[in-house]
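No hydrogens, no waters, no symmetry mates; every other heavy atom, side chains included, goes into these values. Whatever order the structure lists them in is the order used to number ligands and atoms, beginning at 1.
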Amino acid sequence: MIRDLIQESVPFFSEAMSSLGVSDSDWLGLFGRATVEDHADVALPCHSLAKILRRSPEDIAEEIRTLVSTGLEEIAEVSNISGFVNLKAKPSWLSRRLMEIHPDDRIGVRTDVSLTYVVDYSAPNVAKEMHVGHLRSTVIGDTIVRMLEFMGHKVIRENHIGDWGTPFGMLIEHLLDLGEDEAANELGVGDLDSFYKQAREKFVSDDEFAERSRERVVKLQGGDHETLRLWRVLVAESMRYFNEVYSLLGVLLEDEDIRGESSYQDLLPIVVERLSKEGILENSDGADVVFPGGWYNREGEPLPMIIRKGDGGYNYSTSDLACIIDRIERLNCDRLLYVVGTPQKQHFEMVFQVATMAGFMPDSNNATHVNFGSVLDTSGKVLKSREGEVIKLHDLLRESINRANEAVSKKNPDLDEKQREEVAKLVGIGAVKFADLSTERTKDYVFDWERMLSFDGNSAPYLQYAYARICSIFRRWTGEREEITGSKFLLHHPDEIYLSRKLVDFPSILEESIRSFNPHKLCFHLLSIASSFATFYENCKVLNPDDENSKLSRLSLCDLTARQLQLGLGLLGIGLPERM
Ligand code: ARG
């Protein structure tokens, strides 16, 4: 709404301002969303104009108000308060906007010029527990994929799993010691951490085991058939567990999206060659390094990026450089997104800089680290299980579904068992996702069962419940839902008007949320739609209004609310039950 309101009123302001002798560059940037929602939708603060015109801001605001009022008659109420010109959209204008977006499948949301994006997300490590950081990456990444596709982009999902490196020597030896079947069993049930720990313990305490492990790494890198087969067992069994988590979460990731570190092996020597051709590869203490410049260690010396260690081994950064070559040159992608925690900030900054210096990508703006904060428990510590171990995601999600089941039975004891289970799954998973997505991405997020599963708070169940309520209104209505399309929006009651503002604002907020990779903006708006709907529904009779003419209009408001919730939650990967 704000966007349209600004667009439509700018010509009138332009005229007024030029008659005052103020050039566009002096006021256009000031004209925007009002900070106090109750006062206005859009405002122009005149304080900085006071210097130019040598008059008080109040005076200027009053004059501008008189100049634009007539022109804006069909659009907004114009007022001036303490040096601000305030515009508040008129109900008739809101009603026209609602009529425009109501029949539109995209509810007024535009598409972007289509680009190809690679979204790198989830990326757990083989034979290690997927931790809550991977959960955030999976949930945020999945939303971004859905959002970009909705905007008309081509999106390639890549699950950059950690499936290569020296630890695989000890992991394979441990697998052989346990026996393949036993090992597969342990990994497949998700006991990844204890498998890893056992291998690690033997590696540090048993010289013979450590020696075998080192020989195994050499065999793995040399492409020995049997070793590769055993390595594949480790990857497949871990993926079996990760896939269970993905399927519980209902994310889009599939086996075809896996492109782990191992898949860039052949490119690693090429990275070295190309860096050296560019003349940026240096030798430092026997290792091949690049100095991107701008980063320093604690001693104040320039920080190198190690490309190839003295023993010939490659680094995490090297495979990320190879990965950029692959994404840009093989996949022809325009934008690379990395949904990875904030602790890897410096890693990505350095990788993007080196990739740009080396000409692997045209400029560093092609790649974005979509970073996120940590997951904390309610006392502010990093989330751990009761035993102080890394939490198993599978258990965490199951627990959420169980808790949702309890909450749903309390709320609606009439649901039969099957319905209740379906609803509990949507609510339990939706709650975990929404709690994560509604926290500003770069902030730490507090994992709090009570809050995320509450039916009347800032939660998924609250939104799902609002949606189910509207479904029940339409079940009780005797007409056909399609009939209401095209009917007029008659906005008289303040709560109808307030809800309409939120509905009209949806398209531009959604677009902004997508373009900035900030799902929380959409989350907040969905919450404000649901809460203004609740107030509207409490105060405005929908099915038996005093004035029959209001019925279709109010039903249309219900319909639009439901569709916006459905579209918004759908983009967040959250399902909606029709009854709950
Ligand atoms: N596997 C890594 C980790 O668990 C994340 C990989 C992120 N993606 C990348 N291209 N580096 O920390």
Side-chain angles (χ1 to χ4, degrees), residues 117-142 144-145 155-168 171 190 192-193 195-196 200 231 234-235 238-239 241-243 245-246 251 253 257-265 267-268 271 292 305-307 314-331 333 335-356 360-361 364 366-375 382-383 390-393 441-442 517:
Y117 278 83
V118 166
V119 184
D120 180 318
Y121 71 112
S122 193
N125 301 313
V126 165
K128 268 197 187 165
E129 180 59 46
M130 217 175 163
H131 55 68
V132 281
H134 295 121
L135 173 70
R136 278 208 92 174
S137 171
T138 310
V139 169
I140 298 172
D142 198 63
I144 289 178
V145 169
V155 184
I156 302 167
R157 304 182 292 259
E158 289 210 342
N159 194 352
H160 190 96
I161 57 171
D163 61 355
W164 202 249
T166 42
F168 282 90
L171 292 167
L192 275 60
D193 247 31
F195 185 89
Y196 194 94
R200 177 88 211 142
W231 168 77
L234 282 175
V235 177
S238 309
M239 279 315 303
Y241 172 70
F242 300 151
N243 278 331
V245 173
Y246 295 154
V251 291
L253 283 172
D257 304 323
I258 298 169
R259 234 184 134 73
E261 289 174 32
S262 67
S263 53
Y264 301 101
Q265 289 314 300
L267 268 175
L268 299 177
V271 170
M305 174 187 281
I306 300 175
I307 303 295
Y314 298 99
N315 262 355
Y316 181 53
S317 304
T318 324
S319 70
D320 260 325
L321 287 173
C323 180
I324 291 184
I325 295 181
D326 184 64
R327 289 174 185 178
I328 302 260
E329 297 176 12
R330 183 180 64 91
L331 296 172
C333 90
R335 298 276 183 278
L336 293 81
L337 303 184
Y338 295 81
V339 188
V340 185
T342 303
Q344 296 193 34
K345 190 165 186 285
Q346 180 178 317
H347 163 75
F348 284 112
E349 280 171 359
M350 289 176 88
V351 165
F352 298 163
Q353 177 146 344
V354 171
T356 317
F360 298 167
M361 66 180 174
S364 57
N366 294 85
T368 309
H369 176 203
V370 181
N371 63 320
F372 53 81
S374 316
V375 184
V382 171
L383 190 72
V390 183
I391 290 203
K392 278 199 205 161
L393 287 193
R441 177 164 56 70
T442 52
F517 312 124

message = Suppose we measure from atom 4 (O) of ligand 1 to each protein heavy atom; which comes out shortest, and what is that distance?
response = H134 NE2, 2.8 Å
ask   = With a cut-off of 4.0 Å, which atoms of ligand 1 are near a heavy atom of V340?
value = 7 (C)
Protein heavy-atom partner closest to atom 8 (N) of ligand 1 - residue, atom, separation in Å = D120 OD1, 3.2 Å
remark   = Here the atoms of ligand 1 under 4.0 Å from any heavy atom belonging to Y338 are 10 (N)
message = Please state which option from H160, R327, H369 has its nearest heavy atom closest to atom 9 (C) of ligand 1.
response = H160
ask   = Can you tell if the side chain of S317 reaches within under 4.5 Å of the side chain of I307, non-hydrogen atoms only?
value = no
message = Tell me whether G162 has any N or O atom under 3.5 angstrom from an N or O of ligand 1.
response = no
key: Nearest neighbour in protein (non-hydrogen) for atom 6 (C) of ligand 1   = Y316 OH, 3.3 Å
key: Closest contact, heavy atoms only, F372 versus I140   = CB-CD1, 3.9 Å
ask   = Under 4.5 Å between any side-chain heavy atoms of D163 and I258, yes or no?
value = no
query = Considering only the protein, which heavy-atom contact is closest to atom 12 (O) of ligand 1, and what is its distance?
reply = Q344 NE2, 2.9 Å
message = Quick one, N159 with Y246, criterion side chain to side chain donor-acceptor pair (under 3.5 Å). Give me CA distance, side-chain angles, the key distance, then yes/no.
response = CA-CA 12 Å; N159 194 352; Y246 295 154; 3.0 Å; yes
message = Once you measure the plane-to-plane angle for Y338 and F352, does it fall in the parallel (<30°), tilted (30-60°) or perpendicular (>60°) bin?
response = tilted
message = Quick check: D320 and ligand 1, any N/O pair under 3.5 Å apart?
response = yes
message = With a heavy-atom distance limit of 4.0 Å, tell me whether F348 approaches ligand 1 through its side chain, its backbone, both, or neither.
response = side chain
request  = Return the residue, atom name and 0.1 Å-rounded distance of the protein heavy atom closest to atom 1 (N) of ligand 1.
outcome  = N125 OD1, 2.8 Å
ask   = How are the rings of Y316 and H347 set to each other: parallel, tilted or perpendicular (split at 30° and 60°)?
value = parallel
query = Hey, would you say the Y264 and Y314 ring centroids sit under 6.0 Å apart?
reply = no
ask   = Would you say the side chain of N371 lies within less than 4.5 Å of the side chain of T442, judging by non-hydrogen atoms?
value = yes
